[in-house]
Amino acid sequence: MGKEKRNMEERYNPADVEPKWQAFWKDRGLFKVTEDPSKEKYYLLEMFPYPSGKIHIGHVRNYTIGDVVVRYKRMQGYNVLHPMGWDAFGMPAENAAIDNNTHPAAWTYDNIRAMRAQLKKMGFSYDWDREIATCRPEYYKWEQWLFLKMLENGMAYRKESFVNWCEKCQTVLANEQVEQDKCWRCSRPVHQKKLWQWFFKITDFAEDLLVYCDKLPGWPDKVTVMQKNWIGKSVGSELTFQVADMDAEIEVFTTRPDTVFGATFMCLAPEHPLVETLCQGTDQAKAVADFVEKVGTQERSLEGLENYEKEGVFTGRYCINPATGEKIPIYTANFVLMGYGTGAIMSVPCGDQRDFDFARKYGLEIRVVVQPENEALDPDTMETAYTGPGVMVNSGRFDGMDSQKAVDAITDWLAEQGRGKKAVSYRLRDWGISRQRYWGAPIPVIHCPDCGVVPVPETDLPITLPEDANLLEKGGSPLPGLDYFKTAVCPKCQREDARRDTDTMDTFVESSWYYLRYCSPRYDQGMFDQQAVKYWAPVDQYIGGVEHAVLHLLYSRYFMRVLHHFKMIDFKEPFTRLLTQGMVCKETMTCPEHGYLYPEQAQKTKDDTLACTLCGKNVAVGRVIKMSKSKKNVVDPGDLLEKYGADVTRLFCLFAAPPERDLEWSEDGVEGSNRFINRVWRLALECMEKIDREQVLPFTGPAGDLENQAAKELYIKTHQTIQKVTADIDESFHFNTAIAAVMELVNAVYTIDLDGSDHETKAVVLCALENMVLLLSPIVPHFCEELFEKTGCRGSVLEQPWPVFRKDSLETDQVLVVVQVNGRLRAKFSVAAGTEDTAIKTAALADDRVARHIQDKPVKKTILVKKKQILVNIVV
RNA sequence: GCCGAAGUGGUGGAAUUGGUAGACACGCUAGACUUAGGAUCUAGUGCCGCAAGGCGUGGAGGUUCAAGUCCUCUCUUCGGUACCA
């Protein structure tokens, strides 16, 4: 009986300890925060999850990283805001509802409940009082409110735009519902359909968003570079081409106005508004109409683009090249995009590969206007376009000029004639926010047969999404079929047959401002309480997956500009520092019969291959890729949690790799983390048995006061560890090396034999132990609380100040000297700190091994470097 | 194609400003304690070699007393983007 009890104590038992401290934290309200002007604030946020049902390893990793920093900052005395909530709108809820014959709302709320419980089990230090779910009317009411404000200020507008449409299902498909150009439900080809949709004018802020990419020092370069590319600014000119024999002009955007003399034809995007007018009355009308129709149904998918032939047809009309005055044919071509520039290009086959290919295909003139210095290009024999800079030819008065100078010169010249101007073009397009879907925030407008689009009066907000609508088998939105939702009275003319907009907003709208809502989550007078936001925002540290590098992060930056424009906030950048954690990856496994398999569905056989547990066939091991449900290469953190507890799970996730690195999942190391936890556990309990706390206080003085050499070294090691762990957590988030440093300290304490040791040693061991617990507490908080209590302390480690290292106790008396001969390591020895350089050199030369390598060669030079160790390099 | 990141033992990963390559772990080997060990402890573990020694950070050059780290070229992998005029 006695022995059994002792055995229990010898191991850390998460099943008892973890719930105990979770309850303790909760009862004491340790994670609740309010604005406190006397304390410095720190707002740490992890990207909120979509409530898919279960947390996955990626969440565990993400939230553990954040929680460590939060607990560390709290111990440093910051007033820390650390909220959690749910990105609760979105399509998976609709799909799941159809598949399981339930309702998106019910499914979502169930999932939230399950995931909240899991997060609580992990011991994350959230202020749960601030929890929000974006599918709640109290939340999206304010999003609708902002939409109205943007509409009023011309920042939201409506235009016709294309969506993926399935004719069979009569529904709009999101991009991810289109699989290899086919509808995911019925496998019929998908085509583009034009619908009226709402847009946010993010392009108004393109330049500002771009400029500020360089003012985000706390962001990884990789992310700002991706955003810059996404915004895609290019500087060039807009030139005007008069259509021959017609009262019309065509604007083109070009980055190469220097080549305008070589523009021998023009191409318009098939959707260009002039295409239809141009061909009218020419014998090309039919050909053009057929072509436009064909391109419209052509799928512009990724694979499609690879072998996408450049095609076009003549519109039957010509325009005048403003530089040469010549008539050039106007084509419409499938490679010209309506969404970029003006949707029309001047084609210069000698200077652009696409135009070159097109000209060769249709027998159009190629005229060389820029050629490399000292080389004449022959249009009849050249095989590729020349796109580099060079000397101008065939360009009238500009002949002989450097082409880069001609860029401005020609633009100015054309500008004088009113035929051109400098222009900037962005790749970024306005943000289309209409979704023809059900599970989202309704767009608060009413369509009246007389008044047109009428905003819903602010007093009528929120426009509540009916949570009881029955979903359609085919996957479309039920809203257009719900009369009680759809019919509305026109707020302007009171006509009773007006129609409510049945589209909902893109879910990226919710995630663009949720972090402000957390500052005052129950505020009912507006989106947020400006005072609270003034105190907490912006987010000091944001943590999430790199997959959101562009959309979510760019939309959020845009939203802050909108709010700033409305003077609702006084900053423009939402996230001061950003950490993009790496993905958690795992190999996929496929069975010839059952397709992708979950890891537990593949079992090792005798001959070391894997067999499917369903059919016994050989399992093929695929590439290591990001964990995803569809590939089934997922690991349920619930199992780990069950077996090892939250702290070991947290420790393992952090120790496996630095946060920004991708992590190939393998549980081989979990045992090691478990072992470490128990090693510390035993060490602490054993020390407590051997050290009488009534008699001994932890040593806190300078290392120089210690007489016992071993104790002194341990004491120095302790302070070195504090320094290292603090730097690793604070500066680089490299928790793996922080943990390794503590492991070294633990190993060092293990070498000390406490039986019969002196008082000094005990005091130093106690100091090491106490610091160990404090340093580990952000990482393995339950474990450390328990040890803190077991070592005779009261209260919570959370309320302890973070340890501070003593500058006077970081260096040992003995310094290692490494000796190289011609750059190769030959000997090592220690000297007392402060030994003269000459004495070190003499000692180095006297070393046997060194002497053997020098032999009788003359010593040319001796280099001595004093860093963390002393290095002597003898050159012979 | 373009942009970005990364390549270090059997494995995950360490190495301020160039200064002991492989910290800390996993795994493995041997031993100890045990009725037992998948607990724990001790020792060993980059590769070749009996040793002296040699070779080693994707590859090839270079700079330097000294290169994982800096320069040039190159290969591979991953991520982003894709007719952007």
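So you know, we letter chains A, B, ... as the sequences are listed, proteins then strands, and number each from 1. Hydrogens, waters and symmetry mates are skipped; everything else that's a heavy atom, side chains included, is used. In this text, all values refer to a predicted model and were calculated from it rather than measured experimentally.
A/Phe358 has its ring centre less than 6.0 Å from the ring centre of A/Tyr331. Ring pair A/Phe735/A/Phe655: centre-to-centre distance not below 6.0 Å. Between A/Trp665 and A/Phe652, the ring centre distance stays below 6.0 Å.
Residue A/Asp355 is out of contact with every strand shown, counting any heavy-atom pair closer than 4.0 Å. If you check every strand for non-hydrogen atoms under 4.0 Å, A/Gly672 touches sugar and phosphate atoms only.
For A/Glu642, there are no side chain to side chain contact (heavy atoms under 4.5 Å, CB included) partners at least two apart in sequence or on another chain.
Of the candidates B/G19, B/C3, B/U81, the closest approach to any side-chain atom of A/Trp230 belongs to B/U81. With B/A85, B/G19, B/G80 as the candidates, the nucleotide lying closest to the side chain of A/Val336 is B/A85. Of the listed nucleotides (B/A85, B/U20, B/C24), B/C24 has the atom at the smallest distance from the side chain of A/Met743. Of all nucleotides listed (B/G79, B/G19, B/C84), B/C84 comes nearest to the side chain of A/Arg354. The listed nucleotides are B/U20, B/C24, B/A82; the one nearest the side chain of A/Ala740 is B/C24.
One N or O on the side chain of A/His853 and one on the backbone of A/Arg849 form a donor-acceptor pair closer than 3.5 Å. Between the side chain of A/Asp847 and the backbone N or O of A/Ala843, no donor-acceptor pair lies under 3.5 Å. A donor-acceptor distance shorter than 3.5 angstrom exists from the side chain of A/Gln353 to the backbone of A/Ala385, with no hydrogens or angles considered. Here the side chain of A/Asn736 pairs no donor or acceptor atom with the backbone of A/Leu654 at under 3.5 angstrom. Side chain of A/Thr332 to main chain of A/Val313: no donor-acceptor pair is present (N/O by atom type, distance under 3.5 Å, no hydrogens or angles).
The shortest distance between side-chain heavy atoms of A/Tyr340 and A/Ser425 falls below 4.5 Å. Proximity of A/Trp230 to A/Leu551: side-chain heavy atoms (C-beta onward) are separated by under 4.5 Å at one or more points.
Going from atom CG of A/Leu816 over to atom C1' of B/A23 covers 15 Å, rounded to whole Å. Between A/Asp258 atom CG and B/A85 atom C1' there is a gap of 13 Å when expressed in whole angstrom units. Taking atom CD of residue A/Gln720 and atom P of nucleotide B/C24, one finds them 14 Å apart after rounding to whole Å. A/Ile330 has its CD1 atom 22 Å from the P atom of B/A85, to the nearest Å. Atom-to-atom, CZ of A/Phe735 to P of B/C24 comes out at 21 Å; the value is rounded to the nearest Å. Between the NZ atom of A/Lys233 and the C1' atom of B/C3 there is a distance of 19 Å, rounded to whole Å. Protein atom CD of A/Glu744 is 10 Å distant from nucleotide atom C1' of B/A14, rounded to whole Å. A straight line from CG of A/Leu825 to C1' of B/G22 spans 14 Å, rounded to a whole angstrom.
For the P atom pair drawn from B/G46 and B/A21, the interatomic distance equals 14 Å after rounding to whole Å. Distance check on atom P: B/U69 versus B/G19 gives 10 Å, rounded to whole Å. Separating the P atom of B/G12 from that of B/G7 is a span of 12 Å, rounded to the nearest Å. Comparing the C1' positions of B/C78 and B/A85 gives a spacing of 31 Å, expressed to the nearest Å. Here, B/C70 and B/G79 have their C1' atoms 27 Å apart, quoted to the whole Å. Distance noted for atom P between B/G22 and B/A36: 39 Å (whole Å). Separating the P atom of B/A39 from that of B/U20 is a span of 36 Å, rounded to the nearest Å. Separating the P atom of B/G54 from that of B/U8 is a span of 26 Å, rounded to the nearest Å.
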**Complete:** A correct 5'-to-3' footprint of nucleotides 7-13 of chain B, with B, S and - meaning base, sugar-phosphate only and no protein heavy atom under 4.0 Å, is -----BS

**Item:** Annotated protein contacts, base or backbone, on nucleotides 40-55 of chain B with a non-hydrogen cut-off under 4.0 Å, one of B, S, - each
**Value:** SS----------SSSS

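More than 12 heavy atoms of other shown residues, nucleotides or ligands fall within 6.0 angstrom of atom NZ in A/Lys361. For A/Asp221, the CG atom sits in a loose shell: 12 or fewer heavy atoms of surrounding residues, nucleotides or ligands are nearer than 6.0 Å. In this structure, A/Lys643 places its NZ atom where only 12 or fewer heavy-atom neighbours from other residues, nucleotides or ligands lie under 6.0 Å away. Around CD of A/Glu547, the count of heavy atoms belonging to other residues, nucleotides or ligands within 6.0 Å exceeds 12.
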**Message:** As a quick check of understanding, evaluate side-chain hydrogen bond (donor to acceptor under 3.5 Å, both in side chains) for A/Arg661 and A/Gln581, giving each step before the final call.
**Reply:** CA-CA 7 Å; A/Arg661 191 117 121 193; A/Gln581 111 255 9; over 6 Å; no

Show me the protein contacts with nucleotides 63-66 of chain B, counting only N or O atoms at under 3.5 Å.
| unit_1 | atom_1 | unit_2 | atom_2 | d |
| --- | --- | --- | --- | --- |
| B/C65 | O2' | A/Asn873 | ND2 | 3.3 |
| B/C65 | O2 | A/Asn873 | ND2 | 2.5 |

Do any N or O atoms of the protein come closer than 3.5 Å to N or O atoms of nucleotides 30-33 of chain B, and which pairs are they?
none

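Ring geometry for A/Phe783 against A/Tyr12 counts as perpendicular: the plane angle is over 60°, on a 0 to 90° scale with 30° as the lower cut.
Both A/Ala741 and A/Arg427 lie near RNA chain B, and the one whose nearest nucleotide falls closer to the 5' end is A/Ala741.
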**Complete:** Here RNA chain B, pairs taken as Watson-Crick or G-U under 3.5 Å and shown with ( ), [ ] when crossing and | when to another strand, reads (((((((..(((......[....)))((((((.......))))))(((....)))..(((((..]....))))))))))))....

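With a glycosidic angle more than 90° from 0, B/G27 adopts the anti conformation.
A cation-pi contact, defined as under 6.0 Å to the ring centre and within 45° of the axis, is absent between A/Arg367 and A/Phe261.
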